[in-house]
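We name chains A, B, ... by the order of the sequence lines, and we start the count at 1 in each one.
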2 protein chains.
Amino acid sequence: MRWEEIDGQVCSIARALAIFGDRWTLLIIRDAFRRVRRFSDFQKSLGITRHRLSDRLSRLVEYGILEKRLYDAKRARYEYRLTEKGLDLYPVLMSVVNWGDKWACDGDGSPVVFRHLACGQPTHPKMVCDVCDEPIDAREIRPEVGPGVLKKIARGDDEIKGYETGNSQA
Amino acid sequence: MRWEEIDGQVCSIARALAIFGDRWTLLIIRDAFRRVRRFSDFQKSLGITRHRLSDRLSRLVEYGILEKRLYDAKRARYEYRLTEKGLDLYPVLMSVVNWGDKWACDGDGSPVVFRHLACGQPTHPKMVCDVCDEPIDAREIRPEVGPGVLKKIARGDDEIKGYETGNSQA
DNA sequence: CATCATCGGTTCTAATATGGAACCCTGAAG
DNA sequence: CTTCAGGGTTCCATATTAGAACCGATGATG
C-alpha cells in the first residue's frame, strides 16, 4: 500500500498520522509551540532544507493546523501560527516528551522542564481516565467497536479497511 | 540536515521521533497494542511491503520497543511483543487517537471507543498536571531550561544543538 | 544612485528510501 | 513427491529528500 492511501483507513491514528506522521512535520509543530513563526526561523531551528520546509508548511496550512498571518503588508511577509486544531496537538507533543525524557535521554536528565502556570509548580503531565481520574495503563483499557464503524456497517458500506479491534494487552 | 542526525539534538521530542517518527513505525506499534504479533499479521493489517516491515521490526527490536519471542522452536518462529518501553508509548497513541477522533474523522464518529476496565466506563483519556490534577492547556505551560541542558553548560559542552526555550503560546 | 543583505521562496541534480513483485528456505500436511 | 504457510531477502522502477544555486522584492548602506 502507498502511504497516501493510509488515510482511507477507518482508524483515527492512521488518519492523524497521514497528516503529521512523516519525518519533519511534528518537529515543525514543536517549534510552533516554542513560538517559532517565520520561515527562516523554522529553517534555522530545524536544519530542514528550505524546499521541504516550504512544502510542509503549506501542507500544515492546508490541513488547518497552522495559519498564515500577514505581519508586513509591504513585503508580503507572513508568519505561521497554530490554529485551535494545531494547539490541540499539545497532548501529543507532551506525551512524546514524557516518553523521550524517560526512554530516549542521554543521562543528563530532561533538556526542558515544564512549569504549570495555573499551580506554579513544575509538572509532568499524565494521562488519566476522564471518568474516574485514575492514570491510564494500556492493560486496563479495552478497545470496542465505535460509532464510526457501526454506522458504516448499518449503511452496508463494504470494504471497511484497517479496522480490527483487539485487546490492548501486549 | 539529514534525518539521521536529528537524534543528536538536545530535545526529547527529536530523539523520540528519531525512533518512531517515520511513516510506518507508529502504526506498527498501534498494531502491537491491538495484539498483532506475527510478521504476516502485521503485513496483512498494514499493507506495508514485507521489505519495509522486516526493516522496521528489527529497528524496533534494536531500540527495545519490541522483543522477539520464540513461539515455535522447530521452525524458529518468533513473535514481536511490546516491552515495558513499548507499553509506555500508550499515552502517545492515546493522544493521537483523541486528536484524530476530534479533528480527522469522517463524521461517523470514533471508529473505536475505549472502556476503562478499572471503572467500567467508556473513557476519553485526558492529560492533567500531576501536581494539581487540572487539565493541561498549552497556554498555561511554560517550558524552562532543564538539567539536560544545565549539566551540559556546566561541563562546558560546546554545540548544544536544537535547544531553544520559548513560551508555549501560539 | 549602486550595491548589498534579508526574507521567503523555487528550481535543479544526485542520493536515499519506498513499493511491488519475485524468489528463497524450512518444516509440516496431503 | 508436491504443495502450502511462515518469515524473510533480492531486485528494480519510482518517489522522496538533501544540498546547493537561483530569484525577486524591499530596504538599508555608502
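Of all nucleotides listed (dG9(C), dG19(C), dG8(D)), dG9(C) comes nearest to the side chain of K68(A). Checked against dG27(D), dG20(C), dG27(C), the side chain of K74(A) finds its nearest nucleotide in dG27(D). The listed nucleotides are dT10(C), dG24(D), dT16(C); the one nearest the side chain of R77(A) is dG24(D). Among the nucleotides dT16(C), dG20(C), dT17(D), the one closest to the side chain of R2(A) is dG20(C). With dG19(C), dG19(D), dG8(D) as the choices, the nucleotide that has an atom nearest any side-chain atom of T49(A) turns out to be dG19(D). Residue R50(A) places its side chain closer to dA21(D) than to any other of dG8(D), dG7(D), dA21(D). The listed nucleotides are dG8(C), dG8(D), dT17(D); the one nearest the side chain of R52(A) is dT17(D).
Looking only at side-chain heavy atoms (C-beta outward), Q9(A) and L27(B) stay at 4.5 Å or farther from each other. The side-chain heavy atoms of I141(A) and H116(B), taken from C-beta on, include a pair separated by under 4.5 Å. Using a 4.5 Å cut-off on side-chain heavy atoms (C-beta onward), R34(B) and S45(B) make contact.
If you check the side chains of D22(B) and T25(B), you find a donor sitting under 3.5 Å from an acceptor.
The phosphate of dA15(D) (OP1 or OP2) has no side-chain N or O of R23(B) nearer than 4.0 angstrom. Distances shown here put a side-chain N or O of S54(A) below 4.0 Å from the OP1 or OP2 atom of dT10(C). At the phosphate of dG19(C), OP1 or OP2 sits under 4.0 Å from a side-chain N or O atom of W24(B). For the OP1/OP2 pair of dG8(C) and a distance below 4.0 Å, the side-chain nitrogens and oxygens of S40(A) include at least one atom meeting the criterion. For the pair Y71(B) and dG7(D), the criterion of a side-chain N or O lying under 4.0 Å from OP1 or OP2 is met. At the phosphate of dC7(C), neither OP1 nor OP2 sits under 4.0 Å from any side-chain N or O atom of Y80(A).
Projected onto DNA chain C by closest heavy-atom contact, R75(B) and D55(A) fall at different nucleotides, the more 5' of which corresponds to D55(A). Summary of the strand contacts: D72(A) and H51(A) both lie near DNA chain D, and taking for each the nucleotide with the nearest heavy atom, the more 5' one is attributed to H51(A). Each of Y78(A) and R56(B) has a nearest nucleotide on DNA chain C; the 5'-most of these lies closest to Y78(A).
The distance from atom CG of L57(A) to atom C1' of dG9(C) is 11 Å, rounded to the nearest whole Å. The CE-P distance, from M1(B) to dA15(C), rounds to 21 Å in whole Å. One can place CZ of R69(B) at 15 Å from P of dG7(D), the figure rounded to the nearest angstrom. The interatomic distance linking D22(A) (CG) with dT16(D) (P) rounds to 11 Å, in whole Å. Between the CD atom of Q43(B) and the P atom of dG20(C) there is a distance of 11 Å, given to the nearest Å. One atom, CZ of F42(A), and another, C1' of dG9(C), lie 15 Å apart when rounded to the nearest Å. For E5(A) and dT18(C), the CD to P distance is 16 Å, given to the nearest whole Å. Taking atom CH2 of W3(B) as the reference point, atom P of dA17(C) lies 13 Å away to the nearest angstrom.
In this structure, F20(A) and L89(A) approach most closely via the heavy-atom pair CE2-CD2, 3.6 Å.
At a threshold of 4.0 angstrom between heavy atoms, the contacts of E79(A) with the nucleic acid are absent.
A cation-pi geometry, defined here as NZ or CZ lying under 6.0 Å from the six-membered ring centre and within 45° of its normal, holds between R38(B) and Y71(B).
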